[in-house]
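Notes for the one structure printed next.
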Amino acid sequence: MPTGKLAKWKNLLSKFDIVYITQKAIEGQALAYHLAENPVDGDYERLTTYFTDEEVLFAGEDIAKLYSGWRMFFDGAANFKGGGIGTVLVSESGQHYPASANIRFLCTNNVAEYEACILGIRMAVDMNIKELLVIGDLDLLIHQVQGEWSTENVKILSYLHYVKELCKKFTKIEFKHVPRIQNEFANALASLSSMIQHPNKNYIDPI
């Protein structure tokens, strides 16, 4: 017999007609489709077709051709020890300016992504760049900055407001979401930075 909170919840929910629906397993469904289209050959022999390489089939946009101005890639990685952020500024001529930093406090992946975005935008401001395309693989951040999605998270709101304030320093700034495969450089910087353990008492002078 349910007791305590369970009994209270049972009484409160008894007047509702509750139906449990399992979450759709997209990956499992894709496997089912593949098996249905490729039935077993003969007496359960190995399938003659295999899953194709997603990187080979990926037909992404060439951002360098679509946007010839300054571009900024960013990414963040969070774990139980802290997190790391990475950003790469790419000039009109293709010159890369990478930067990474270690986050010295526990944070969520979304906060790490905002930290990385802010790092890159501040770099662009310091370099007196006036037109910039900001590129990331977290669609949540991109849609929030563009005003398409809202948030009530107090921590995220402070980051969102700060990003919008930084955007005012540009004559033109755009945000674009790309798959992770097109953001590998910034992702690698963030991952490496999240694994580096910096001594607490050491100070590194900025160049």
From CA spacing to verdict: salt bridge (charged side-chain N to carboxylate O under 4.0 Å, His left out), Lys172, Glu174: CA-CA 7 Å; Lys172 180 182 178 182; Glu174 299 177 28; 3.3 Å; yes
Which side-chain N or O atoms in residues 118-136 pair as donor and acceptor under 3.5 Å with protein atoms at least two apart or in another chain?
none

Can you list, pair by pair, the side-chain donor-acceptor contacts under 3.5 Å of residues 147-161, counting residues two or more places apart and other chains?
residue: Glu148; atom: OE1; partner: His143; partner atom: ND1; Å: 2.4
residue: Thr151; atom: OG1; partner: Asn153; partner atom: N; Å: 3.1
residue: Asn153; atom: OD1; partner: Lys155; partner atom: N; Å: 3.0
residue: Asn153; atom: OD1; partner: Ile156; partner atom: N; Å: 3.4
residue: Ser158; atom: OG; partner: Lys155; partner atom: O; Å: 2.7
residue: Tyr159; atom: OH; partner: Glu115; partner atom: OE2; Å: 2.5

Could you give the side-chain donor-acceptor pairs of residues 83-91 under 3.5 Å, partners two or more places apart or in another chain?
residue: Thr87; atom: OG1; partner: Phe73; partner atom: O; Å: 3.0
residue: Ser91; atom: OG; partner: Ser93; partner atom: N; Å: 3.4
residue: Ser91; atom: OG; partner: Ser93; partner atom: OG; Å: 3.1
residue: Ser91; atom: OG; partner: Gly94; partner atom: N; Å: 3.4
residue: Ser91; atom: OG; partner: Gln95; partner atom: N; Å: 2.9

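Residue Ala116 comes nearest to Gly76 through the heavy atom pair CB-N, 4.2 Å, listed as atom of the first residue, atom of the second, then distance.
For the atom pair CG (Asp75) and CD (Glu113), the distance works out to 4.5 Å, reported to the nearest 0.5 Å. In this structure, OH in Tyr97 is found 4.5 Å from CH2 in Trp70, a value given to the nearest 0.5 Å.
With Arg71 contributing its side chain and Gly69 its backbone, the two residues share a donor-acceptor pair below 3.5 Å.
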